[in-house]
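Okay, structure first, notes after.
Because the structure is predicted, anything quoted here is derived from the model rather than measured.
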Amino acid sequence: MTDSELGLNQRIWQVVAAIPPGRVATYGQVAEKAGLSRAARRVGYALRGLPTNTRIPWHRVVNSQGRISLPEGSKPHATQRDRLAREGVVFSATGTIDLRHHGW
DNA sequence: TACTTGACAGCAT
DNA sequence: AATGCTGCCAAGT
């Protein structure tokens, strides 16, 4: 495995793992903290490759609008929302999170 | 080997 | 407010 492969994904996962419960970070923030300043897309790709039983708190990562970036109605979407709600994250009627309050 | 795609985001129009 | 374009970087075709 090359450094660019392992290093990149692990850096991303490490950053995600550091997000405290009850808080959410945007893909852009994760990318920046991982040293990828503008590779928000790469973050989504890395999370997408995580196994279902991973211990990485991937659910604490949402897009810049405070919305879950997964197809509404899909199972992963419901899982993310449920886990966040369980940590005390509040969703508005339209399904958006107030980043001013829950942002990292 | 080259082009397209993707759990995104910021800026321009 | 809604599109569209560009940057990022690995994977798929």
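- Atom-to-atom, CD1 of A:I12 to P of C:dA11 comes out at 11 Å; the value is rounded to the nearest Å.
- Nearer to the 5' terminus of DNA chain B, by closest-nucleotide assignment, is the contact made by A:Y45 (compared with the other of A:Y45 and A:Q65).
- At whole-Å resolution of the value, CG in A:L47 and C1' in C:dA10 are 14 Å apart.
- Between the OH atom of A:Y27 and the P atom of B:dG10 there is a distance of 14 Å, given to the nearest Å.
- Nearest heavy atoms, A:L99 versus A:V24: CD2-CG2, 3.6 Å.
- Comparing the P positions of C:dT6 and B:dC3 gives a spacing of 16 Å, expressed to the nearest Å.
- Straight-line distance between the P atoms of C:dC5 and B:dT4: roughly 14 Å, to the nearest whole Å.
- Panel note: side chain A:R83, backbone A:H59; no donor-acceptor pair is recorded below 3.5 Å.
- Residues A:H102 and A:V90 are in side-chain contact: their nearest non-hydrogen atoms beyond the backbone lie under 4.5 Å apart.
- Atom pair A:R42:CZ and B:dA9:C1' shows a separation of 16 Å (rounding to whole Å applied).
- For the OP1/OP2 pair of B:dA9 and a distance below 4.0 Å, the side-chain nitrogens and oxygens of A:S64 include at least one atom meeting the criterion.
- Using a 4.5 Å cut-off on side-chain heavy atoms (C-beta onward), A:I12 and A:L36 make contact.
- Of the residues in residues 97-104 of chain A, none has a non-hydrogen atom less than 4.0 angstrom from any atom of DNA chain B.
- Only the P atoms considered, C:dG4 is 16 Å distant from B:dT5, to the nearest whole Å.
- Of the candidate nucleotides C:dC8, B:dC8, B:dA7, C:dC8 has the atom lying nearest to any side-chain atom of A:A39.
- The closest donor-acceptor contact from the side chain of A:Q80 to the backbone of A:V61 lies under 3.5 Å.
- The shortest heavy-atom contact between A:P20 and A:W104 is CD-NE1, 3.2 Å.
- Residue A:R41 places a side-chain atom within donor-acceptor reach of the base of C:dG7, judged by atom type and a 3.5 Å distance cut-off alone.
- Rounded to a whole Å, the CG atom of A:N9 is 10 Å from the C1' atom of C:dC9.
- For the pair A:R41 and A:Y27, the NZ or CZ position fails the cation-pi test of under 6.0 Å to the six-membered ring centre and within 45 degrees of the ring normal.
- To the nearest angstrom, C1' of B:dA9 lies 14 Å from CG of A:L36.
- Contacts of A:T26 with the nucleic acid, taken as non-hydrogen atoms under 4.0 Å apart, involve only primed sugar atoms and P, OP1 or OP2.
- Protein atom CH2 of A:W13 is 14 Å distant from nucleotide atom C1' of B:dA7, rounded to whole Å.
- For A:R38 and C:dC8, the CZ to P distance is 8 Å, given to the nearest whole Å.
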